[in-house]
Amino acid sequence: MLISTLATAAPLILGLAAWGLGLAALLMSRKQDAAQRCGMGSFACCAASLCTVVFGLAHCADIEDISAFLDTANAFWLCSGVLLAGTLVLNVLALIRHAQKRAVV
């Protein structure tokens with residue numbers, strides 16, 4: 001029971017953290033080092049979120065709960081794609097913004 005709860009909550013929490021850190025990196029105006037750390041943390045949270053999704057699907061396979069696996073596989077596929085695309089967009093925008101500021105200064 002605890003594993004299924006963690007497998008459900010962890011990807012959501014880590015995904016929101018990935019987007020929050022990416023947004024923080026985008027909005028930081030003066031601190032280049034802190035923005036870089038936020039970007040790295042964003043990618044780390046995204047990777048951890050995607051790993052927990054895989055672990056959750058593996059758990060469904062281990063306990064031979066095929067109906068849960070089939071019910072959630074497409075939703076995990078869609079949400080993982082949206083999470084990865086959103087994280088990449090936020091971090092690329094932050095990288096572009098800070099590169100432009102570095103070129104101006």
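All heavy atoms count here, side chains included; hydrogens, waters and symmetry mates do not.
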Measure across A25 and A35 and return the closest heavy-atom pair with its distance rounded to 0.1 Å.
CB-O, 3.5 Å
L26-V92 co-clustered via ILVMFWY side chain contacts under 4.5 Å
no
Give a yes or no on whether L70 and V54 share a hydrophobic cluster (residues Ile, Leu, Val, Met, Phe, Trp, Tyr; joining criterion: side-chain heavy atoms under 4.5 Å apart).
no
Where do N91 and G39 come nearest, in terms of heavy atoms and distance?
OD1-CA, 3.3 Å
Transitive ILVMFWY side-chain link V82 to L93, under 4.5 Å
yes
Are the side chain of T87 and the backbone N or O of L83 linked by a donor-acceptor pair below 3.5 Å?
yes
Residues which pass side chain to side chain contact (heavy atoms under 4.5 Å, CB included) with A34, listed by chain and number, not counting sequence neighbours
M28, K31
The remaining residues in the hydrophobic cluster of L16, counting side-chain heavy-atom contacts under 4.5 Å among Ile, Leu, Val, Met, Phe, Trp and Tyr, are L12
Please report the interatomic distance CG(L50) to CZ(F76), rounded to the nearest 0.5 Å.
11.0 Å
Please report the closest heavy-atom contact between S42 and A18, naming both atoms and the distance.
OG-O, 2.7 Å
Between the side chain of H98 and the main-chain N/O of Q36, is any donor-acceptor distance below 3.5 Å?
no
To check you understand the geometry: which heavy-atom pair defines the closest contact between G41 and L21, and what is its length?
C-CD1, 3.5 Å
T52 side chain to S49 main-chain N or O, any donor-acceptor pair under 3.5 Å?
yes
What pairs with D65 under side-chain hydrogen bond (donor to acceptor under 3.5 Å, both in side chains), at least two apart in sequence or on another chain?
S67
Determine the minimum heavy-atom distance between W19 and L90, stating which atoms define it.
O-CD1, 3.5 Å
Can you hop from L78 to V89 via hydrophobic side chains spaced under 4.5 Å?
yes
